[in-house]
2 protein chains.
Amino acid sequence: MDKLDQRIISALAEDGRRSYRDIARDLNVSEASIRQRVSRLTSDDLIRITAVGNLQALGFDVVAMVHFKVLPSRIEEYAQLISEYSAVRFVSISLGNADIIFQSLHTSIPSLHDFVRNELPRRMPDIIATEIFPLVKTLKSSWTWEAWFDLQNQNS
Amino acid sequence: MDKLDQRIISALAEDGRRSYRDIARDLNVSEASIRQRVSRLTSDDLIRITAVGNLQALGFDVVAMVHFKVLPSRIEEYAQLISEYSAVRFVSISLGNADIIFQSLHTSIPSLHDFVRNELPRRMPDIIATEIFPLVKTLKSSWTWEAWFDLQNQNS
DNA sequence: AATGAAAACTTATTATT
DNA sequence: AATAATAAGTTTTCATT
């Protein structure tokens, strides 16, 4: 991951459909070079070029963050199980006052409730506590990297 | 937002660089029609085609979710202010036991601490409580929509 | 890893329904 | 809102450094 990789990622974060040729002109390298690096970044799963959307604007009416505390020995296993649900779009293992944090999408509040309070505990009996945070409005969901790569480079 | 829009979004979520021509062939419409709809979806800010990445894999070592409780009259204002920071990549207003939930990226734990415990409270005196959830490992960060559009359509 | 060359393919614009 | 036509631009492949 060198500065050229970072500049390519920044360009594609800005506009995922920008032509490789155009990026190449901008960065003074060949088009094939951009193509080769994007293939590597993509096949190594470092980046993914994709359509992201504002969930609320797209009609996903019930979006929530959910916290689970679970028996310590079950954390990894349960995080994996939670990842299998298509309602769940994001799963992380956390330190602090929650062991697993995930984001879940539903068509109604009762279906969110049923999923978190019935469906998941049925499969995962060692869940100790749950906390639900319904998201009302998303003000920022940012996909640019420049500021971040800059900061990383300053400190290295 | 009709079924054609949903199919286009699904295709671009799968591969944001797939050619409009190829999508058009698949969906039995003209290339210009795909182009026109993608332009609309993009300029209406319903979707964005972008490079997303695994933050930990890209070297963003300290990623945390942060919860704030704030004076009720300040929630919107503070959520806006938090959105202005480039360290902050996601900001939502929440119901339940937190008023504002955001994701923040840092190069070290002390810098996360300084940001959340000093920098933000200095600008936002009506923060009542903070809670930090450092993310250790992200198991899923999914950008596909098929399952979701299917569910929406069943219920409508 | 990076490159240039060139055939095959895609995009973007225009005019039309 | 969708389309066909088409000139301009891009991608992909391959041989070379």
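Computation of the quantities below employed the complete heavy-atom set of this structure, encompassing side-chain atoms and omitting hydrogens, waters and symmetry-equivalent molecules. Proteins get letters first, then strands, A, B, ... in listed order; numbering begins at 1 in each. These figures come from a predicted structure and were not determined experimentally.
Distance CD1 (B:Ile23) to C1' (C:dC9): 15 Å, rounded to an integer number of Å. Between the NZ atom of A:Lys3 and the P atom of C:dA1 there is a distance of 19 Å, given to the nearest Å. The nearest whole Å value for the distance from the CZ atom in B:Arg37 to the C1' atom in D:dA1 is 8 Å. Across the protein-nucleic acid pair, B:Asn28 atom CG and D:dA4 atom P stand 12 Å apart, rounded to whole Å.
Taken from CG in A:Leu135 to CE in A:Met65, the straight-line distance is 7.0 Å, to the nearest 0.5 Å. One finds the CZ atom of A:Arg123 at 5.5 Å from the CD atom of A:Glu84 (value rounded to the nearest 0.5 Å).
Taking the six-membered ring for Trp and thresholds of 30 and 60 degrees, A:Phe115 and A:Phe102 have ring planes more than 60 degrees apart, a perpendicular arrangement.
Checking the phosphate oxygens (OP1, OP2) of D:dT3, a side-chain nitrogen or oxygen of B:Ser33 falls inside 4.0 Å.
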For nucleotides 6-13 of chain D, tabulate all protein N/O to nucleotide N/O atom pairs closer than 3.5 Å, reporting atom names and distance.
unit_1: D:dT10; atom_1: OP1; unit_2: A:Ser19; atom_2: OG; d: 3.4
unit_1: D:dT11; atom_1: OP1; unit_2: B:Arg17; atom_2: NH2; d: 3.2
unit_1: D:dT11; atom_1: OP2; unit_2: A:Tyr20; atom_2: N; d: 3.1
unit_1: D:dT11; atom_1: OP2; unit_2: A:Arg21; atom_2: N; d: 3.4
unit_1: D:dT12; atom_1: OP2; unit_2: A:Arg35; atom_2: NH1; d: 2.3

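The aromatic ring centres of A:Phe133 and B:His67 sit less than 6.0 Å apart.
For the pair B:Arg17 and A:Tyr20, the cation-pi test (distance below 6.0 Å, angle within 45°) is passed. Both tests hold for A:Arg89 against B:Trp145: distance to the six-membered ring centre under 6.0 Å, angle to the ring axis within 45°.
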